[in-house]
Every structure is written in structure tokens, then in C-alpha cells.
Amino acid sequence: MKYPLRLGVNIDHVATIRNARGGGHPDPVRAARMAAQAGADGITAHLREDRRHISDEDILRLVEEIDLPLNLEMAATPEMLEIALRHRPHAACIVPERREERTTEGGLDAAGQMEQLRPFVGALREAGIRVSLFVEADPRQLDAAVALGAPVVELHTGAYCDAPAHLHGRELDRLAAAAAHADALGLECHAGHGLTFETVQPVAAIPTLVELNIGHFLIGEAIFGGLDSAIKRMRALMDQARAESTGERSA
Ligand code: PXP
């Protein structure tokens, strides 16, 4: 079966730049609006416990002002669950979170934390929020997602993006095998973290992935050529790779 490939644009680091000076500029909600115009299929934002980038007010405004589906990345904590249930985003991606980390390092240990995660997945699902678990490309974690009743997994692409070039093939094989396993289990499969113009195409070519979530590189690249152009180029690279891998002609 052929799946279209969606692009979720993560706007966290627009807020990182804003927060460097306080005040309201640059506004991540304005970036979300531009992302929608440039062809993004969704907006992703991570409300961290320490509020280092996205704020509570940003989430409120994203829900109220942006028409694209919002994917709220959140740790499995009572505070974040309460916020998710209050705003009811389209989707919630449960991520591991350590206060001292620079970014989300590694995937969630769903297999090792079934009992802690079960009530969060259940409450989000009951509220009609599409739950995804951010996990490593490890079949045990995918089996755990099924056991927890999460309909979606997002594969962490950091190991692939950070690997030296000679190990890219091995990491891509792990991602492709995990995406195939997820598909066989009936899970919707997303991927993200660290993707760039250089690394996106082999991931986009994996036919059972339906969504890529990309942030830091796009916001950084926007400094040089603008957000609109960065998103359009990423979209074009993704579409080209997917069309070639599924034997369709590129539009
Ligand atoms: N997906 C998830 C679950 C993430 O936590 C992040 C980073 O917030 C991303 C995707 C995007 O990663 P990057 O900003 O490196 O593109």
C-alpha cells in the first residue's frame, strides 16, 4: 500500500530565539502561519517542563489561531496531561524529557515503562487525541506501543542523522525495518529528529512512513533563505524521494 508523506514543521526554535531577549519577537505563531502557507501539513511544538522555548500562551494561540493540526510533544507528567486535555490538540507525541538535556536524547522506553505510560495513553485517547510515542527504531518498543494502545509511533532519526556517513546505511536499515514492523502491527509510523536537506531523502524514501517532523534545521536555514523557501525545499526533497521510491513520477 502506498502512503502519502506529510511534513510537520516544529516551531520550537522560533520561540528559542524570542526567549533569548524576552518580548514577543520572533513570534512562533506567525512562523506556524507561514509554514501553513509554504505547504506544511501540520505544526509541532514541544511544551517543556522548563518552558525553555514554547510557552503555555503559544500553545493556546496555536490551537486558537492556526488551522493546521497541532502535534503537541509532551512528557508523560500530570501537568502536561492536564494541559493536553484542556487544549485538545489533534495529536500528542509522548517524549522522554530530562531537564538537563539540550534536546530530546533518545526515544521513550515504552517497553520498560508500560505501567507508568498506560494511564497517559488511555486518558489522551479517551479525549480523542491521537497518541504517538517517540521511540527508537527497536521492535520491542513498537510491540510495547501496540500493547499500550497507542495508534502512532514516531521513530527517532537522531542515531541516523548523527552517525558518520559510513554508518548511515546501517542506521537506515534499522529505520526501514522498524517502519515495516510498525506497518505490519497496524501502527501509523512517523519519524523525526535532526533531519536536514542532506539527510531527509533516504528517510522520506521509506514507503511506510507517513509523517516527518522537522524543526531545528528548518528554523536555522530560514536565517539564510527565509522560512518559506526552507520549507518548500524540504517538501520538494521529501516528495521527490518518496515518488522515486514508490515508482511514481515526481510532480
Ligand atoms: N520529533 C520529536 C518527537 C522531537 O522531540 C523533535 C525535537 O523537538 C523533533 C521531531 C524535531 O527535531 P529537530 O528539531 O531536530 O528537527
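Hydrogens, waters and symmetry mates play no part in the numbers below; they use all other heavy atoms, side chains included. Start at 1 and go down the list; that is how both ligands and their atoms are numbered.
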Measure the CD1-NE2 distance between Ile43 and His90 for me, rounded to the nearest 0.5 Å. 12.5 Å
Between Glu73 and Asn10, is there a side-chain heavy-atom distance shorter than 4.5 Å? yes
Determine whether the side chain, the backbone, both or neither of His156 has a heavy atom under 4.0 Å from any heavy atom of ligand 1. neither
Can an N or O of Glu73 be found at a distance shorter than 3.5 Å from an N or O of ligand 1? yes
Around atom 14 (O) of ligand 1, find the nearest protein heavy atom and jot down its residue, atom name and distance. His216 N, 2.8 Å
Sidechain N-carboxylate O distance under 4.0 Å for Arg86, Asp56: no
Min N/O separation His13 to ligand 1 under 3.5 Å: no
Tell me which protein heavy atom sits closest to atom 7 (C) of ligand 1, plus the residue, atom name and distance to 0.1 Å. His193 CD2, 3.7 Å
Check this for me, if you would: do Arg48 and Asp50 make a salt bridge, where the nitrogen-to-carboxylate-oxygen distance has to be below 4.0 angstrom? no
Electrostatic pair Arg233:Glu221 at N-O distance under 4.0 angstrom: no
Atoms in ligand 1 flagged as close to Ile214, the criterion being non-hydrogen separation under 4.0 Å: 16 (O)
Mark up the atoms of ligand 1 that fall under 4.0 Å of a heavy atom belonging to Gly194, in ascending order. 12 (O), 13 (P), 15 (O), 16 (O)
When rounded to the nearest 0.5 angstrom, what is the spacing between CD in Glu211 and CD in Glu154? 7.0 Å
for atom 16 (O) of ligand 1, nearest protein heavy atom and its distance come out as Gly215 N, 2.8 Å
May I ask you to say whether Arg235 pairs ionically with Asp41, meaning some side-chain N is under 4.0 Å from a carboxylate O? yes
Cut-off 3.5 Å, side chains only: do Thr44 and Asn71 have a donor facing an acceptor? yes
Using a strict 4.0 Å cut-off to heavy atoms of Val95, name the atoms of ligand 1 that fall inside it. 3 (C)
At what distance is the nearest protein heavy atom to atom 1 (N) of ligand 1, and which residue and atom is it? Glu154 OE2, 2.5 Å
Could you list which atoms of ligand 1 come closer than 4.0 Å to a heavy atom of Asn213? 10 (C), 11 (C)
